[in-house]
Amino acid sequence: MIDQTERRPIRRRRTPKPMNIETVQRWVASVILFHVGSVPAITLAVYSIGVAADDFGRGVGLWIMSGVIGLLTAAGILAIFRRFRPSYAAWLLVGLLPTAVTAFYIF
């Protein structure tokens with residue numbers, strides 16, 4: 001039998017804080033921008049591998065365009081969150097990630 005004097009502590013539910021509408025709008029806009037910017041950047045980076053095998057100049061051109069689109073996407077997301085400080089500048093390198101990965105296959 002369970003002793004009635006020993007009871008488990010009652011867990012109280014935390015009530016969630018109401019979220020600011022501007023925060024939600026920033027997150028939604030950044031997710032949309034991430035999708036709209038990353039899909040062409042990754043597609044161009046991968047497509048540039050096949051094009052560089054036949055025509056090296058055009059492949060490198062597509063490869064560079066993927067880097068530019070990736071940088072602009074990362075800069076746009078930082079601008080949405082108003083985080084343009086030198087401490088956040090390293091996040092711009094995330095935009096160059098597809099370009100850096102495919103550089104191994106092009107060169």
Side-chain angles (χ1 to χ4, degrees):
M1 238 20 269
I2 299 176
D3 188 15
Q4 294 295 329
T5 58
E6 280 188 47
R7 292 188 179 181
R8 292 185 177 176
I10 298 173
R11 292 186 183 179
R12 296 183 184 186
R13 288 189 172 182
R14 293 187 316 179
T15 56
K17 296 179 187 177
M19 191 172 251
N20 190 357
I21 190 70
E22 290 179 10
T23 305
V24 174
Q25 288 173 343
R26 284 184 184 149
W27 276 102
V28 169
S30 66
V31 166
I32 291 171
L33 179 62
F34 176 77
H35 180 71
V36 168
S38 65
V39 168
I42 293 171
T43 304
L44 281 174
V46 172
Y47 186 64
S48 67
I49 297 170
V51 173
D54 296 331
D55 188 5
F56 186 72
R58 286 188 335 182
V60 170
L62 291 174
W63 180 73
I64 290 172
M65 285 192 319
S66 74
V68 170
I69 292 172
L71 275 176
L72 290 175
T73 302
I77 291 172
L78 287 176
I80 287 172
F81 285 104
R82 297 181 185 142
R83 304 269 192 221
F84 260 169
R85 294 184 212 137
S87 60
Y88 290 103
W91 281 103
L92 289 175
L93 297 177
V94 174
L96 291 177
L97 194 60
T99 308
V101 170
T102 57
F104 176 75
Y105 297 104
I106 291 177
F107 298 107

Common cluster, Leu78/Val94, ILVMFWY with side-chain heavy-atom separation under 4.5 Å: yes
Is Ile64 linked to Phe104 within one hydrophobic cluster, defined over Ile, Leu, Val, Met, Phe, Trp and Tyr using a side-chain heavy-atom separation of less than 4.5 Å? yes
Hydrophobic cluster membership, with links at side-chain heavy-atom distances under 4.5 Å among I/L/V/M/F/W/Y: are Val39 and Ile42 in one? no
Any donor-acceptor pair under 3.5 Å from Trp63 side chain to Thr99 backbone: yes
Single-linkage hydrophobic cluster Leu44~Val51, side-chain heavy atoms < 4.5 angstrom: yes
Starting from Ile32, can I reach Ile21 by hopping between I/L/V/M/F/W/Y residues whose side chains sit under 4.5 Å apart? no
For Ala41 and Gly70, work out which heavy atoms get closest and say how close. CB-N, 4.0 Å
Write down the atom of Ala74, the atom of Trp91, and the distance for their closest heavy-atom approach. CB-O, 4.0 Å
How long is the gap from CD1 on Ile77 to CG on Leu92, to the nearest 0.5 Å? 10.5 Å
Looking at every heavy atom in both Pro40 and Gly37, which two are closest together, and how far apart are they? CD-O, 3.5 Å
Spacing of Ile80 atom CD1 and Trp27 atom CH2 [to the nearest 0.5 Å]: 11.0 Å
Enclosure of Phe107 CZ (heavy-atom neighbours >12, cutoff 6.0 Å): yes
When rounded to the nearest 0.5 Å, the distance separating CG of Leu96 from CG of Leu71 is 4.0 Å
Closest approach of Thr73 to Leu33 (non-hydrogen atoms, all atoms of both residues): CG2-O, 3.7 Å
Roughly how far, to the nearest 0.5 Å, is the CD1 atom of Ile49 from the OG1 atom of Thr102? 5.5 Å
